[in-house]
Structure formats: C-alpha cells, structure tokens
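Each remark here refers to the structure printed beneath this line.
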Amino acid sequence: MTLDGLIAGARAGQSQVLVVRGEPGIGKTALLDYLESSASGCRIARSAGAEAEMELAYAGLHQICGPFLDRLDRLPDPQRVALSAAFGLISGGAPDRFMVGLAVLDLLADRAEERPLICLIDDAQWLDRVSAQTLAFVARRLVAERIVLVAAIREPSEERDFRGLPELTLTGLGEVDAGQLLDSVVKRPMDARVRERIIAETRGNPLALLELPRAWTTAELADGFERSEELSSRIEEGFVRRLTALPEDTQRLLVTAAAEPLGDATLLWRAAAVLGLGPNAGDAAEAAGLIRFGAQVRFRHPLVRAAAYRSASTQRRQDVHRALAEVTDADVDPDRRAWHLAHATQSPDEEIAAALEQSAARALSRGGLLAAAALLERAARLTPDPARRADRELAAAWRKRGGGALDAALTLLAAIEAGPADALRAAQVKHLRGQIAFDQRRATCAVRLLVDAAQQLEPLDGDLAREAYLEALGAAIFSSTTQEEASVVAKAARAAAPTEGQLRITDLMLDALATRIVEGHAAAVPTLARVVEKVRSIDYRIENVGRLIWLGRNPFAGYLATDLWDFEAGRMLAEMQVQRARDTGALVQLQFAVNILAVHELLAGQLPDAAVLVEEDRMVCDITGNPPVGYAATLLAALRGTDEVAASRLIAAARDEAAALGEGRIVTFAGYASAVLNNGLGRHDIAVQAAREVFDRDVVGGYQMMVVSELAEAASRTGDTELVVAALQRMSQRARATPTEWALGMEARLRAMLSGEKADASYRESIQRLDRAGLRMEVARGHLLYGEWLRRTGERIKARAQLRAAHDLLLAMGAAAFAERARRELVMLGEKGLQRSVETTDELTVQEFHIARFARDGLSNAEIGARLFISPRTVEWHLGKVFAKLGISSRRQLRKAVLDFAPD
C-alpha cells in the first residue's frame, strides 16, 4: 500500500492503519507532513507524544479528540459519559477503559462520515500509556470508517502497544540519493573521501544529511564521525549549535515552547510575557526554519524541541516551567499546573508534592492507573520526609501493579526496602510482592510470600492480615499446593482473629474458605451461602467492592458461588467482577474476570458471548504484554468441537503451561475441557481418562464437581457401571448439602444413567431443573442423552422428539460436535435433510457470525458495535458480507438462517 493509496482507500470507504518505525531523522515526520499536505478534501487530526508529558493521563488522546468534543452529544450516553470522565469534563467514578476506546472510535467515525479523517501521531512512543493503549485499541478496530491512522514511532523503542499492526520500517537513502541531498545543502567544495564518509556514516539518514552540514564545518564533520556517539545525538548537537547562534530572548522563547507540549500559542505568549519576552522574540527562529508560530506552535522536527529543552540550563528550564505554571488556570487544568510546578524545582517541596498527589487521585478517578503511579513517583521525589516519601512510593507501586506494569512495581518496591525501616510498610511491601507473584502466575511463590506478609501484619493491622491470609488461600487453591499444605495455610488463617466489631465480608470469606479446606464442603456450606448472599446484596456502583471481590487476582465470591452450585449468583458475580475491573482499569484482574464470565456464558449456551469475552482476554494481553489467561478458550473450543486437532492442542498446551507454572486449578480445568471435547466427539474412552484425573481431586470452586457428569456420561457409554455409581454418590453428597436446581438437576441425570427402564422420569426431572437454573447448554445435552437412551430402548417417536430438540438447540448455540451426535442418532431413526451448517459455499468468519447472530436477535448496529467494540459502520460493512455469503438481503431473512462459522 502506497502513501497515496492510504488516502485513496479512505476516500473509497475503507479505513487504513500504518505504524511507521525508524531511527530519529529517517523521515517519519516528513512522511506525516506529506500525508497531511496530500489529503485535500480530508479532515486532519494530528498529535505528537512528548516525553515530558507521559505522566498526564489521556493527554495524547485529547490532542486527537479535542477538536471534535463539540460532537460528544452524538454518542450513546454510556460512551459520552466515559469519554467526558476520561477528559475530566465531568466528575464521577473511573470510566470503563473499553467504553472510552469505543467512544473514541465512534467519535472519530462520526466525524469521518462527512469527509475522510486522517489521524497522524508523531513520536507515539512518548504518548502517555493510557492514550497509547486507547489509540491502539481503536486502530485494531478500524475497518470501514473512512479513517486513516498513522503512528510514527522512534526506534529503538520499548513501545509495545502498537505491535502487531501493519508496519512500515523506514531505512536510509541509497548512496546516489544521499549524495544528491548532501550536495543540495553543501555549497562549498568538499573532499571526495570526506563526502563518501559522511554518506556512509549517516547511513542515508535524510535529516542528518540536511542538518549536519548546516551546523558543522567539513573538518568537524569528519572528526565527529571518529566518535562513537549515536547519529541522533550528533543531529541534536547540530540543532543545539544553530540554536545557540540565535538571540538570547529567542532561545528563551524556544525553551518555553519546548516545555509546553500542547503547542498552545496563547499559553506560550502569556508565559513569554511573564518572562519579559516581546512579541518579536521568535522571529529569528522562524526565519531559520526551526519553528513555526500560528494558532498552534510546531517545531520543525521533534529533535529541535529536544535540543531546545535539553541544551537549556537547569535554572532556565525551571524559570520557564514556573512561568507556564503561573499562566495555567488552576481551576481549569490543575494537573498541568502541578506538573509544571514539579518541573520548576529540584528541591523537596511538600506543597508541590501534595499537589501532585492530588493530580494522581484525579488521574486514578479517570482510570489512569499508570499515570497516577507516575505522578506519585514524582511526588515522592519531591517529598522532604523520608517516611512520607516511602509511603508515596508504595502507593505508586500499588497503582503500577494494578495497571499491569509488574516489573516497574517491583523496582519501586526495591527502592522502598532500601529506605527508612518501618514494620508495617515492610509487611505491606511483602504483601504486594505476593500479589505480583500471583499476577506473574507464580502461584506457589505467592502462597509463601502472602503467608509471610499475613504473619508480619497480624500484630500491626489485623484486618489487612486477614486479607493477606485470604489471598494466600486463594493462591493455594489456584496452585498445585497439596491438601495438607493448603490446610496449614487455612489453619493459620483461622487462628488470626478478626478485629472486634461487625464482621466484614472479607472475614466471612476467609472463614468460609478456611472451613471448606479444613473441614470439607458440607461443613462450609452455611458460611459459603452467607458470603454469597452478602456479596450479592452489594451495589458495586456505590460501594467500593474492589477489595471484597478481587483480593489479589482471586475472584473469591465467584469460587464460592460455584462451590454452592448457584449458577445465577455465580454469573451475576462474574459480571460484577468484569465491570469492576473495567471501571478501575485493573487489566490483569480483567483477564481473569472475563474468563470466569465466559465459562458461565458457555454453560448458559451463549457461545458467541463467550467468544467475545475470550477475545477480550487476548485484547488485554495485547495491551499489557502479559500472557492471556485463556482457560475459557479451551472450553469454548471443546464445546464447538469443529476442529478436533486444534482443540486438543489448545487444551494440551494450556494444561502443560499451567502445570509448569504450578497452576493446578487450570490443569484441572483443562482436564474438564478435554472430557467435554471427547464426549462431544463420541470418544468416550478418552473422556473417561480425562474426567477421572479431575474427579480424584477436591477442588474449591466447582470444576472438579462439574466434571462428575462428564465422567458418568463417558463411563456409562464404556460400560463402567462402578464408575457411574461412584460419580452418582459424589453428586448426591453435594446435592444434599446444596440442593439447588443445578445440583439436583445433575444428580437426576446421573441417577437416570443407572435406572434402566425407570430412567424416563429422572431424565425429564433433570431437564426441567437445569432449564430453571438457566443452564441451556446442559438442557440441550440432557435432551441428547435422553433421546439416545430412548432410541436404545426402542421408543423411536419419543426419541425423535428429544433428539430433534437437542439438535436444534446445539446447532443454534454453535456446539457443533454435540449437534453432530444428535444428527447421527436422528439419521439412524430415518430422519433426512438435517442441516450441519449454513447452506452456502462460504463459511462466516467468527466476527461475521457474532454480528449476524446479534442482528438476528434484533440489536441495532450501534448496540452490536458496543458488544463487539467496533464502530456501527464496521457492523454495517460486515453485515453486507454476511448477507452475500448467506444469499439474503435483509435482517428479516436472518431469522430463518442457520448460522455457522469457520473455527479460529
């Protein structure tokens, strides 16, 4: 794709994304300038990252969206509120990060309706992190919005948010072109050997070829290449030479412009007046082609800005920032004012540190965890009191951990440990180290650290000690810790008495889990039920339940609801966990939350919704660089059953990775997924083996019990009656302790498998109970098992009705392997013309399937876009492809279509 092709594509109705990488001076900015000058008839939105501004949340995003904020009222209310909160236009809780991304996507798409929109981002490696993540989120969803998004990134760079997008890496000019460019600026005679050396040493870098000869003599150039410094440093030094030749007032004005990353001309000239600079102070720099003044102030190249700022003395930079702080409205932009004040001093200053701490709180309220952490770090550096400094560093480390910057958080913790001694702070540091170990999927190490932290906290902060014990129990549950080792942790936790007064939910959770581990399931049921009911009664929109629902990485309430066989409560709590993690920007926790909710959606038969959540896990992985959690993906692949080899590999890979990391819970889940896959494929001998391994473990949270039905189904088909009996006994024990519709429905199914000719009533009871529980997948599988039994007993008419119900339900859900089982049974009963998939030569992609399914259910394009995090225009574009593949022309016809998709 050529540069002109990018713009032509947008004019033709398509969106284009390009990430341009290269060393400083290689032509990235010139490329953006060319696109801007070539985009006649298009709207331009341009921004540039600034290294000094990386601490201000949403600063880069505001440059892109600022001109369009008058159209906020055209967005759906949830998007409008989220983006307004992110930009500090309204007060309130932290916005949902994904809703902010969707709001930006729809805002830009709305602007592009009138004419194509060209978004140009220079120095994207210096965007504040939340802006970079949001823009990368938008870039990955552009399809048919008539938007071109080009981000220029300096290399080498640690930037990772834009990785995986289409890239163009710029390299130097060829020898002939480089020579012509050099000759265009060198008007004096040059020795041929020196000329060749300059061309070779600059590696064809255009800016070096243009600028170095303007600032250096030929002899100096030749001598300069004897040194080992980076080419970009020599270019910047060349700019410094040109700057120092300018009048003193001009230099001061350029330092002021470099310190004001927004390029706000009004603010710049106000600050210039404070510094005593006249209106003509910039004339010499503009005449030299180093800067352009207008409504926006723009340096010729980012290296000019860097040279102007870095070459200034510390005192001059401080004077400039002090002047900018003075002219920045404290009511309108308190964060930028505090930021300038912080750069106006190197001496400890508690007043400025406190202002930065307040800015961090505002950044946090807008979902900018990493921005808040950066501001707290700077506040700590300006804090006079060593103990208060360490407290602020600890607060910064907590925010870094929440934002997924785990290594950076650990670096801060090391600095805190080298500071003043304090028993409580030392215990809190160990506590955070334990949480980070858990986030890094080092569960066994996390157990040890969290127990040590809890023991240190006991005499200092009893409430926090019990929270640490609760996290340690969660880590023990998640890891491959033995029952004996988990019991040791549980007994220590029970010995830590709660603080006098009303018991907190965390206290009830700790008691419930400890009892479950030490005394078993039946003894813990009353306390488990009390905890779940207590958590269900919380309004998370009003109360801060983050530490109640998510302590460490553990969804404790979700574990307990599943252990109680309470599907409705488990699903509701999972939804709460997802929303809470999105609202706070806690991306590591979000990955686990979406997996838990996805499992519930799968049990409810909502495979498309589950697939969207699985994709969200991958999406967060792209943002943070952390690995996907991925266990829900294994069950999704198992239930689809469309690619047996790929599903088996996925499950095996998840199992092996989890085993290597000591994550016994995911190993258990992989065994459950393997049993589901092989039961669907009719390979019951393999399903028995997989299910038996899980059956023999006692796992808190239900996966071990969920496999009981898989074990019984597989064992009944392989003739292992003793194993079916064992499964029924285990299930009956749980059903007596927790007589929910889910538990009783599964017990009735297993009882039917052993009832011979009297199984009819038990099968019907099972289906009715599971239907009341909302478990559509299990209802469909119940119809399948019942129909298979009826056919074997000769009840052909009844069998046909049950198998037809199973086939239609399973096919509509997308559970292809189980639907095929039902189809084969119906064929044996003489049924003909049964559909396996869409009657078309072209299968739908997974994205098209999701969109078609939501459209069939009556959702508007905007509602579908909100579900899938894409723009309404992209939804419309995909629907056009769906209609073509299905041979239909309207949404009404979708209602009669049988939807299927190509597996990932």
Side-chain angles (χ1 to χ4, degrees), residues 15 43 45 47 56-115 117 119 127-128 130-147 149 331-335 362-369 371 539-542 575 578-587 590 612 616 619 623 854 859-876:
S15 290
R43 194 181 304 278
S47 71
L56 299 178
Y58 294 109
L61 192 65
H62 195 277
Q63 291 183 55
I64 289 287
C65 297
F68 312 138
L69 293 183
D70 60 336
R71 301 171 75 92
L72 276 177
D73 59 353
R74 296 168 65 92
L75 296 177
D77 284 346
Q79 296 179 30
R80 178 182 54 76
V81 170
L83 193 57
S84 298
F87 288 154
L89 302 176
I90 60 173
S91 59
D96 181 328
R97 288 276 297 279
F98 293 97
M99 192 59 68
V100 171
L102 185 58
V104 173
L105 176 61
D106 282 358
L107 183 68
L108 299 182
D110 174 72
R111 211 67 185 98
E113 286 286 341
E114 297 173 0
R115 50 185 168 137
L117 175 64
C119 298
L127 290 172
D128 61 281
V130 69
S131 289
Q133 291 172 345
T134 304
L135 288 168
F137 172 95
V138 170
R140 289 186 171 89
R141 277 147 193 83
L142 292 175
V143 176
E145 295 81 3
R146 304 205 306 167
I147 294 173
L149 190 151
D331 295 324
V332 174
D333 202 346
D335 298 334
R362 285 189 288 270
L364 193 63
S365 73
R366 300 196 298 271
L369 277 166
D539 185 345
Y540 80 92
R541 295 166 298 181
I542 299 173
E575 290 171 346
V578 168
Q579 193 58 52
R580 180 65 185 174
R582 285 175 180 162
D583 287 347
T584 59
L587 298 181
L590 180 59
V612 172
E616 190 170 341
M619 188 164 58
I623 292 173
F854 287 134
L859 274 68
S860 68
N861 286 358
E863 290 168 332
I864 296 170
R867 293 278 189 98
L868 300 178
F869 301 109
I870 55 178
S871 73
R873 190 180 177 98
T874 293
V875 173
E876 182 181 356

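The first residue in the sequence is number 1, and the count goes up from there. Every heavy atom of this structure was used, including side-chain atoms; hydrogens, water molecules and symmetry mates were not.
Distance check: S47 OG to L135 CG gives 6.5 Å after rounding to the nearest 0.5 Å. Atom CZ of R140 is separated from atom CG of L105 by 13.5 Å, given to the nearest 0.5 angstrom. The CD atom of E616 sits 11.0 Å away from the CG atom of L868 when rounded to the nearest 0.5 Å. In this structure, S15 OG and L117 CG are separated by 9.0 Å, a value rounded to the nearest 0.5 Å. Distance CZ/R873 to CZ/R146: 5.5 Å, rounded to 0.5 Å.
Nearest approach of P95 to V100, heavy atoms of both residues: CB-CG2, 3.8 Å. Nearest heavy-atom pair across G101 and V138 is O-CG2, 3.6 Å. Across A59 and S131, no two heavy atoms sit closer than the pair N-OG, 3.7 Å. Here the closest heavy-atom approach between residue T874 and residue A144 is recorded as OG1-N, 3.6 Å.
A search for side chain to side chain contact (heavy atoms under 4.5 Å, CB included) contacts involving E876 returns N861, not counting sequence neighbours. Residues passing the side chain to side chain contact (heavy atoms under 4.5 Å, CB included) test with L89 are L69, L72, S84, F87, sequence neighbours excluded. Taking R74 as the reference, D110 meet the salt bridge (charged side-chain N to carboxylate O under 4.0 Å, His left out) condition, with sequence neighbours excluded. For F854, there are no ring pair (Phe, Tyr, Trp, His ring centres under 6.0 Å) partners, not counting sequence neighbours. Judged as a salt bridge (charged side-chain N to carboxylate O under 4.0 Å, His left out), and not counting sequence neighbours, D106 has no contacts.
Counting only heavy atoms from C-beta outward, the side chains of I870 and V143 never approach each other to under 4.5 Å. Contact of the R97 side chain with the V130 side chain is registered, since non-hydrogen atoms from C-beta on lie closer than 4.5 Å. Looking only at side-chain heavy atoms (C-beta outward), I864 and L859 come within less than 4.5 Å of each other. At least one side-chain heavy atom of L108 sits less than 4.5 Å from a side-chain heavy atom of I64.
E145 contributes no side-chain N or O that, together with a main-chain N or O of L142, makes up a donor-acceptor pair within less than 3.5 Å. R111 contributes no side-chain N or O that, together with a main-chain N or O of L107, makes up a donor-acceptor pair within less than 3.5 Å. Within the 3.5 Å criterion, the main-chain N or O of L75 finds no donor-acceptor partner in the side chain of R80.
Sorted by first and then second residue, the side chain to side chain donor-acceptor pair (under 3.5 Å) pairs with a member in residues 56-66 form an empty list; sequence neighbours excluded.
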